[in-house]
Engineer: 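I have a structure here, written as C-alpha coordinates, and I will follow up with some questions on it.
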Amino acid sequence: MKFFVDTADVAEIKELAALGLLDGVTTNPSLVAKAGRDFKGLIAEICEIVPGPVSAEVAATDYEGMLSEGRILAKIAKNVTVKVPLTWDGLKACRALTGDGTMVNVTLCFSANQALLAAKAGATFISPFVGRLDDISLDGSDLLREIRVIYDNYDDLTTQILAASLRTVNHVKEAALIGADVGTVPPGVLKALVKHPLTDKGLEMFLADWKKTGQKIA
Ligand code: E4P
(Lines give C-alpha, C1' and ligand atoms only; values in the text may rest on other atoms or scores of the structure.)
Protein backbone atom coordinates (compact mmCIF):
# COMPACT_ATOMS: atom_id res chain seq x y z
CA MET A 1 0.00 0.00 0.00
CA LYS A 2 1.31 3.43 -0.90
CA PHE A 3 1.43 6.06 1.86
CA PHE A 4 0.18 9.57 1.26
CA VAL A 5 0.27 12.09 4.09
CA ASP A 6 -2.94 13.95 4.82
CA THR A 7 -1.74 17.44 5.71
CA ALA A 8 -0.88 20.87 4.31
CA ASP A 9 1.84 21.42 6.93
CA VAL A 10 5.06 21.82 4.98
CA ALA A 11 7.33 21.14 7.98
CA GLU A 12 5.62 17.79 8.64
CA ILE A 13 5.74 16.89 4.94
CA LYS A 14 9.49 17.65 4.79
CA GLU A 15 10.19 15.51 7.85
CA LEU A 16 8.30 12.48 6.51
CA ALA A 17 9.62 12.90 2.98
CA ALA A 18 13.18 12.83 4.35
CA LEU A 19 12.43 9.41 5.84
CA GLY A 20 11.54 8.17 2.37
CA LEU A 21 8.06 7.28 3.61
CA LEU A 22 5.92 9.36 1.32
CA ASP A 23 4.39 8.38 -2.00
CA GLY A 24 2.18 11.45 -2.16
CA VAL A 25 0.20 14.10 -0.28
CA THR A 26 -3.48 14.91 0.12
CA THR A 27 -4.82 18.30 1.13
CA ASN A 28 -8.37 19.55 1.49
CA PRO A 29 -9.86 23.02 2.12
CA SER A 30 -9.91 22.44 5.89
CA LEU A 31 -6.21 21.52 5.95
CA VAL A 32 -5.34 24.51 3.72
CA ALA A 33 -7.28 26.85 6.06
CA LYS A 34 -5.30 25.41 8.98
CA ALA A 35 -2.01 26.07 7.16
CA GLY A 36 -3.04 29.72 6.67
CA ARG A 37 -1.05 30.16 3.46
CA ASP A 38 -1.68 31.16 -0.15
CA PHE A 39 -3.15 28.02 -1.74
CA LYS A 40 -1.30 27.93 -5.05
CA GLY A 41 2.05 28.80 -3.47
CA LEU A 42 1.52 26.10 -0.86
CA ILE A 43 0.71 23.43 -3.44
CA ALA A 44 3.73 24.46 -5.56
CA GLU A 45 6.01 24.06 -2.54
CA ILE A 46 4.57 20.66 -1.60
CA CYS A 47 4.92 19.46 -5.21
CA GLU A 48 8.63 20.29 -5.09
CA ILE A 49 9.15 18.36 -1.86
CA VAL A 50 7.20 15.24 -2.87
CA PRO A 51 7.44 14.02 -6.47
CA GLY A 52 4.34 11.79 -6.15
CA PRO A 53 0.70 12.88 -6.56
CA VAL A 54 -0.30 15.96 -4.53
CA SER A 55 -4.05 16.47 -4.20
CA ALA A 56 -5.40 20.01 -4.43
CA GLU A 57 -9.16 20.45 -4.14
CA VAL A 58 -11.35 22.74 -6.24
CA ALA A 59 -13.68 25.15 -4.44
CA ALA A 60 -16.31 25.56 -7.18
CA THR A 61 -19.28 23.20 -7.21
CA ASP A 62 -20.51 23.66 -10.81
CA TYR A 63 -18.93 21.85 -13.77
CA GLU A 64 -17.51 24.93 -15.54
CA GLY A 65 -16.12 26.34 -12.31
CA MET A 66 -14.51 23.05 -11.31
CA LEU A 67 -13.01 22.60 -14.76
CA SER A 68 -11.58 26.10 -14.81
CA GLU A 69 -10.17 25.85 -11.26
CA GLY A 70 -8.90 22.32 -11.95
CA ARG A 71 -7.02 23.54 -15.02
CA ILE A 72 -5.45 26.38 -13.02
CA LEU A 73 -4.35 23.96 -10.30
CA ALA A 74 -3.03 21.43 -12.83
CA LYS A 75 -0.72 24.10 -14.26
CA ILE A 76 1.10 24.46 -10.91
CA ALA A 77 3.10 21.24 -11.35
CA LYS A 78 2.98 17.91 -13.19
CA ASN A 79 2.23 15.99 -9.99
CA VAL A 80 -0.84 18.01 -9.02
CA THR A 81 -3.87 15.77 -8.65
CA VAL A 82 -7.08 17.75 -8.90
CA LYS A 83 -9.60 16.81 -6.24
CA VAL A 84 -13.28 17.08 -7.12
CA PRO A 85 -16.31 16.16 -5.01
CA LEU A 86 -18.45 13.14 -5.80
CA THR A 87 -21.37 14.94 -7.46
CA TRP A 88 -22.66 14.79 -11.04
CA ASP A 89 -20.79 17.99 -11.87
CA GLY A 90 -17.71 16.62 -10.12
CA LEU A 91 -17.86 13.46 -12.24
CA LYS A 92 -18.23 15.55 -15.41
CA ALA A 93 -15.22 17.65 -14.39
CA CYS A 94 -13.35 14.42 -13.60
CA ARG A 95 -13.97 13.12 -17.12
CA ALA A 96 -12.85 16.40 -18.73
CA LEU A 97 -9.72 16.83 -16.58
CA THR A 98 -8.75 13.20 -17.12
CA GLY A 99 -9.11 13.89 -20.85
CA ASP A 100 -6.57 16.72 -20.43
CA GLY A 101 -4.14 14.16 -18.98
CA THR A 102 -4.54 15.46 -15.41
CA MET A 103 -4.70 13.09 -12.45
CA VAL A 104 -8.04 13.36 -10.63
CA ASN A 105 -8.96 12.35 -7.09
CA VAL A 106 -12.72 12.03 -6.58
CA THR A 107 -13.34 12.81 -2.95
CA LEU A 108 -16.13 12.51 -0.37
CA CYS A 109 -17.04 8.96 -1.37
CA PHE A 110 -19.39 7.20 1.01
CA SER A 111 -20.88 4.38 -1.08
CA ALA A 112 -19.71 1.63 -3.40
CA ASN A 113 -22.00 2.87 -6.17
CA GLN A 114 -20.41 6.31 -5.98
CA ALA A 115 -17.01 4.62 -6.34
CA LEU A 116 -18.24 2.72 -9.38
CA LEU A 117 -19.38 5.98 -11.01
CA ALA A 118 -16.04 7.66 -10.27
CA ALA A 119 -14.17 4.79 -11.90
CA LYS A 120 -16.45 5.00 -14.95
CA ALA A 121 -15.66 8.74 -15.09
CA GLY A 122 -11.96 7.90 -15.34
CA ALA A 123 -10.85 8.93 -11.85
CA THR A 124 -7.20 8.26 -11.04
CA PHE A 125 -8.11 7.90 -7.36
CA ILE A 126 -11.32 7.38 -5.41
CA SER A 127 -11.30 8.58 -1.81
CA PRO A 128 -13.66 6.63 0.46
CA PHE A 129 -13.83 8.38 3.88
CA VAL A 130 -13.43 5.62 6.46
CA GLY A 131 -13.37 7.68 9.68
CA ARG A 132 -16.39 9.78 8.80
CA LEU A 133 -18.48 6.62 8.33
CA ASP A 134 -17.24 5.34 11.69
CA ASP A 135 -18.30 8.73 13.13
CA ILE A 136 -21.94 7.91 12.32
CA SER A 137 -21.66 4.33 13.66
CA LEU A 138 -21.19 2.67 10.27
CA ASP A 139 -18.14 0.56 9.37
CA GLY A 140 -15.87 2.48 7.02
CA SER A 141 -13.83 -0.66 6.36
CA ASP A 142 -16.90 -2.35 4.86
CA LEU A 143 -16.98 0.36 2.22
CA LEU A 144 -13.31 -0.22 1.34
CA ARG A 145 -13.99 -3.97 1.09
CA GLU A 146 -16.97 -3.46 -1.24
CA ILE A 147 -15.08 -1.10 -3.53
CA ARG A 148 -12.10 -3.50 -3.68
CA VAL A 149 -14.40 -6.36 -4.76
CA ILE A 150 -16.18 -4.26 -7.39
CA TYR A 151 -12.99 -2.84 -8.91
CA ASP A 152 -11.41 -6.31 -8.94
CA ASN A 153 -14.45 -7.71 -10.77
CA TYR A 154 -13.75 -5.58 -13.85
CA ASP A 155 -10.38 -5.27 -15.57
CA ASP A 156 -11.36 -1.97 -17.17
CA LEU A 157 -11.82 -0.24 -13.79
CA THR A 158 -8.30 0.98 -13.11
CA THR A 159 -9.06 3.67 -10.52
CA GLN A 160 -6.90 3.37 -7.42
CA ILE A 161 -8.57 3.13 -4.01
CA LEU A 162 -7.19 5.91 -1.82
CA ALA A 163 -8.42 5.10 1.68
CA ALA A 164 -9.05 8.50 3.29
CA SER A 165 -10.15 9.81 6.67
CA LEU A 166 -7.90 7.18 8.30
CA ARG A 167 -7.69 8.34 11.88
CA THR A 168 -6.21 5.39 13.78
CA VAL A 169 -3.47 2.81 13.37
CA ASN A 170 -6.18 0.15 13.09
CA HIS A 171 -7.76 2.03 10.19
CA VAL A 172 -4.39 1.86 8.42
CA LYS A 173 -4.02 -1.88 9.09
CA GLU A 174 -7.56 -2.59 7.88
CA ALA A 175 -7.00 -0.59 4.69
CA ALA A 176 -3.81 -2.55 3.96
CA LEU A 177 -5.47 -5.91 4.73
CA ILE A 178 -8.33 -5.08 2.38
CA GLY A 179 -5.89 -4.09 -0.35
CA ALA A 180 -6.46 -0.35 -0.70
CA ASP A 181 -3.92 0.92 -3.22
CA VAL A 182 -3.13 3.97 -1.11
CA GLY A 183 -3.77 5.08 2.46
CA THR A 184 -3.70 8.78 3.26
CA VAL A 185 -2.77 9.28 6.86
CA PRO A 186 -2.33 12.31 9.14
CA PRO A 187 1.31 12.75 10.27
CA GLY A 188 0.52 11.77 13.88
CA VAL A 189 -1.04 8.46 12.83
CA LEU A 190 1.81 7.74 10.41
CA LYS A 191 4.33 8.25 13.22
CA ALA A 192 2.26 6.13 15.62
CA LEU A 193 2.55 3.12 13.27
CA VAL A 194 6.08 2.47 14.54
CA LYS A 195 5.05 2.25 18.18
CA HIS A 196 4.69 -0.96 20.18
CA PRO A 197 5.17 -1.21 23.97
CA LEU A 198 7.02 -4.52 23.60
CA THR A 199 9.49 -2.91 21.20
CA ASP A 200 10.24 -0.20 23.78
CA LYS A 201 10.46 -2.74 26.62
CA GLY A 202 12.65 -5.11 24.62
CA LEU A 203 15.02 -2.32 23.61
CA GLU A 204 15.31 -1.19 27.22
CA MET A 205 16.26 -4.73 28.31
CA PHE A 206 18.80 -5.20 25.51
CA LEU A 207 20.45 -1.86 26.32
CA ALA A 208 20.68 -2.75 30.01
CA ASP A 209 22.28 -6.11 29.19
CA TRP A 210 24.63 -4.54 26.66
CA LYS A 211 25.85 -2.14 29.34
CA LYS A 212 26.80 -5.18 31.47
CA THR A 213 29.17 -6.39 28.75
CA GLY A 214 31.22 -3.20 29.17
CA GLN A 215 31.88 -3.24 25.41
CA LYS A 216 31.66 -0.57 22.71
CA ILE A 217 31.06 -1.15 19.03
CA ALA A 218 33.75 0.87 17.34
C1 E4P B 1 -8.25 13.40 2.40
O2 E4P B 1 -8.18 13.40 1.21
C3 E4P B 1 -9.48 13.70 3.15
O4 E4P B 1 -9.93 14.99 2.87
C5 E4P B 1 -9.22 13.48 4.62
O6 E4P B 1 -8.61 12.21 4.79
C7 E4P B 1 -10.45 13.62 5.48
O8 E4P B 1 -10.13 13.26 6.79
P9 E4P B 1 -11.05 13.64 8.03
O10 E4P B 1 -12.36 12.93 7.87
O11 E4P B 1 -10.30 13.16 9.22
O12 E4P B 1 -11.22 15.11 8.01
Side-chain angles (χ1 to χ4, degrees), residues 1-10 12-13 16-17 21-37 39 42-43 46-47 49-50 52-61 66 69-70 73-74 76-77 79-87 90-91 93-94 97 102-111 114-115 118-119 121 123-144 147 159-176 178 180-193:
M1 184 169 77
K2 282 174 249 173
F3 273 138
F4 287 5
V5 68
D6 199 20
T7 184
D9 182 326
V10 168
E12 298 263 33
I13 294 169
L16 293 165
L21 270 180
L22 291 190
D23 300 299
V25 178
T26 51
T27 68
N28 63 33
S30 312
L31 294 169
V32 172
K34 208 167 143 194
R37 288 192 39 190
F39 183 35
L42 176 65
I43 294 298
I46 297 174
C47 285
I49 302 167
V50 179
V54 173
S55 288
E57 191 159 340
V58 296
T61 53
M66 282 191 245
E69 289 183 359
L73 293 172
I76 296 174
N79 51 332
V80 165
T81 301
V82 175
K83 223 173 170 189
V84 299
L86 216 158
T87 59
L91 293 175
C94 171
L97 290 163
T102 298
M103 291 187 284
V104 179
N105 175 359
V106 179
T107 190
L108 290 167
C109 171
F110 293 97
S111 82
Q114 287 181 321
T124 317
F125 300 103
I126 181 70
S127 285
F129 276 34
V130 174
R132 292 194 195 186
L133 282 168
D134 286 6
D135 286 346
I136 58 161
S137 303
L138 294 172
D139 188 345
S141 298
D142 282 348
L143 174 59
L144 289 182
I147 300 172
T159 299
Q160 296 182 51
I161 302 173
L162 195 173
S165 189
L166 300 179
R167 312 235 185 92
T168 67
V169 291
N170 280 334
H171 279 158
V172 178
K173 183 177 75 176
E174 275 291 298
I178 291 162
D181 301 285
V182 188
T184 190
V185 189
V189 177
L190 200 50
K191 288 179 188 164
L193 294 178

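Sequence positions, counted from 1, serve as the residue numbers for this chain. None of the values given here were measured: they were computed from a predicted structure. Indexing begins at 1, ligand by ligand and atom by atom, following the structure's order.
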Engineer: Return the closest protein heavy atom for atom 8 (O) of ligand 1 as residue, atom name and distance.
Structural biologist: S165 CA, 3.5 Å

Engineer: May I ask you to identify the nearest protein heavy atom to atom 3 (C) of ligand 1, giving residue, atom name and distance to one decimal place in Å?
Structural biologist: F129 CZ, 3.5 Å

Engineer: Taking distance alone, with no angle check, do T184 and ligand 1 share an N/O pair under 3.5 Å?
Structural biologist: no

Engineer: Which heavy-atom pair separates M66 from A93 by the least distance, and what is that distance?
Structural biologist: CB-CB, 3.8 Å

Engineer: Are any non-hydrogen side-chain atoms of L16 and P187 less than 4.5 angstrom apart?
Structural biologist: yes

Engineer: Need the ligand 1 atom indices (1-based, order shown) with element for anything under 4.0 Å from a heavy-atom of R167.
Structural biologist: 9 (P), 10 (O), 11 (O)

Engineer: Measure across A56 and V80 and return the closest heavy-atom pair with its distance rounded to 0.1 Å.
Structural biologist: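 Closest heavy-atom pair between A56 and V80: CB-CG1, 4.5 Å.
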
Engineer: At their closest point, which heavy atom of L108 faces which heavy atom of L86, and how far apart are they?
Structural biologist: O-CB, 3.9 Å

Engineer: Would K83 count as a contact of ligand 1 if the rule is a heavy atom under 4.0 Å away?
Structural biologist: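 So K83 counts as touching ligand 1.
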
Engineer: Taking the non-hydrogen atoms of D6, is any one of them nearer than 4.0 angstrom to ligand 1?
Structural biologist: yes

Engineer: If only atom types and distance count, is the side chain of N79 paired as donor or acceptor with the main-chain N or O of C47 below 3.5 Å?
Structural biologist: yes

Engineer: Below the 3.5 angstrom mark, is there an N/O of T27, backbone or side chain, next to an N/O of ligand 1?
Structural biologist: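 No - when backbone and side-chain N and O of T27 are compared with those of ligand 1, no distance drops under 3.5 Å.
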
Engineer: Would you mind listing which atoms of ligand 1 come within a distance below 4.0 Å of any non-hydrogen atom of R132?
Structural biologist: 7 (C), 9 (P), 10 (O), 12 (O)

Engineer: Give me the residue, atom name and distance of the protein heavy atom closest to atom 4 (O) of ligand 1.
Structural biologist: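 Heavy-atom neighbour on the protein nearest atom 4 (O) of ligand 1: N28 ND2, 2.8 Å.
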
Engineer: If you compare all heavy atoms of A164 against all heavy atoms of S127, which two are closest, and at what distance to 0.1 Å?
Structural biologist: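 Closest approach of A164 to S127, heavy atoms only: CB-CB, 4.1 Å.
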
Engineer: Side chain to side chain contact (heavy atoms under 4.5 Å, CB included) for L143 and F129? Distances and angles first, verdict last.
Structural biologist: CA-CA 9 Å; L143 174 59; F129 276 34; over 6 Å; no

